[in-house]
Amino acid sequence: MNFRPCKECNGTRLNQISRSVKVSGKAIAEIGILSIEKALAFFKNIQLSEKETLIAQRILKEITDRLSFLTNVGLSYLTIDRSATTLSGGESQRIRLAT
């Protein structure tokens, strides 16, 4: 089997509308290529208006909790956009055991 990036989305696996969404100036695809460690720093240091903070508070807490969990089990080097099928047996096992 041979995998090639989609010509339309350039391998982001996001449709055009999703690719146009930005969070604090970064497109979702740009955030997806960050390591867990860098993504956690991004979401902890995100600057939002009062209204945006009110809207995003629960979502940001969930995101930072999950990214912190992955960091705590030693997987901070992984990227968010990495497919679960590419994880090694040890990486998958650490996620399952810690969960």
Side-chain angles (χ1 to χ4, degrees):
M1 188 177 281
N2 193 2
F3 292 99
R4 302 185 304 252
C6 168
K7 291 177 185 176
E8 188 176 320
C9 73
N10 294 320
T12 62
R13 298 178 296 187
L14 299 169
N15 66 28
Q16 185 176 355
I17 294 169
S18 297
R19 289 191 314 268
S20 67
V21 173
K22 295 196 183 258
V23 177
S24 194
K26 283 191 182 266
I28 293 175
E30 291 177 278
I31 296 168
I33 62 171
L34 295 175
S35 68
I36 301 294
E37 180 179 28
K38 289 179 181 175
L40 180 59
F42 172 78
F43 283 109
K44 281 187 172 181
N45 297 314
I46 199 166
Q47 298 295 316
L48 300 173
S49 69
E50 187 176 327
K51 181 180 178 181
E52 291 169 330
T53 301
L54 182 63
I55 294 167
Q57 187 174 12
R58 287 176 147 170
I59 296 166
L60 288 174
K61 181 185 180 326
E62 187 68 28
I63 290 170
T64 56
D65 286 352
R66 288 176 188 239
L67 293 173
S68 295
F69 163 77
L70 291 168
T71 298
N72 291 337
V73 295
L75 299 174
S76 62
Y77 59 90
L78 295 176
T79 58
I80 296 171
D81 67 348
R82 186 161 166 190
S83 172
T85 59
T86 66
L87 297 175
S88 72
E91 291 165 340
S92 296
Q93 188 174 29
R94 277 189 273 170
I95 291 171
R96 279 193 311 272
L97 287 173
T99 300

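- From N72, atom CG reaches atom CZ of R94 across 12.5 Å, with rounding to the nearest 0.5 Å.
- Neither I59 nor L14 shares a network with the other; the hydrophobic side chains, linked directly or stepwise wherever heavy atoms of I, L, V, M, F, W or Y lie under 4.5 Å apart, form separate groups for each.
- For E37, the CD atom is loosely surrounded, since the number of other residues' heavy atoms within 6.0 Å does not exceed 12.
- Note that SG of C6 and CZ of R13 are 11.5 Å apart. Values are rounded to the nearest 0.5 Å.
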- [ ] Check step by step if side chain to side chain contact (heavy atoms under 4.5 Å, CB included) holds for L70 and L40.
- [x] CA-CA 10 Å; L70 291 168; L40 180 59; over 6 Å; no
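- Between the side chains of S18 and N15, a donor-acceptor pair is found at a separation under 3.5 Å.
- Side chain of Q93 to main chain of G90: no donor-acceptor pair is present (N/O by atom type, distance under 3.5 Å, no hydrogens or angles).
- Shown here for S76 and S35, the closest heavy-atom pair between the two residues is O-CB, 3.6 Å.
- Residues C9 and R19 form a side-chain contact, since some pair of their non-hydrogen atoms from C-beta on lies under 4.5 Å apart.
- D81 and T79 share a donor-acceptor pair across their side chains, judged by distance under 3.5 Å alone.
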Task: CA sep, side-chain torsions, deciding dist, call: L67, F43, side chain to side chain contact (heavy atoms under 4.5 Å, CB included) - done: CA-CA 9 Å; L67 293 173; F43 283 109; 3.9 Å; yes
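- Proximity of a side-chain donor or acceptor of Q57 to a complementary backbone N or O of L54 within less than 3.5 Å is not detected.
- Proximity of K51 to I55: side-chain heavy atoms (C-beta onward) are separated by under 4.5 Å at one or more points.
- Ion pair E62/R66 flagged as a salt bridge, since at least one NZ, NE, NH1 or NH2 atom sits closer than 4.0 Å to an Asp/Glu carboxylate oxygen.
- Cluster annotation: L78 and I28 are assigned to distinct hydrophobic clusters (Ile/Leu/Val/Met/Phe/Trp/Tyr, side-chain heavy-atom contacts under 4.5 Å, transitive).
- Looking at S92, its side chain never comes within 3.5 Å of a backbone N or O of G89 through a donor-acceptor pair.
- Residue R82 places its CZ atom among more than 12 non-hydrogen atoms of other residues, nucleotides or ligands, all under 6.0 Å distant.
- In this structure the side chain of L75 reaches within 4.5 angstrom of the side chain of Y77, judged on heavy atoms.
- Following chains of ILVMFWY side-chain contacts shorter than 4.5 Å, one cannot reach V21 starting from I31, and the two form parts of different hydrophobic clusters.
- I33 and I80 end up in different hydrophobic clusters when Ile, Leu, Val, Met, Phe, Trp and Tyr side chains are linked at under 4.5 Å.
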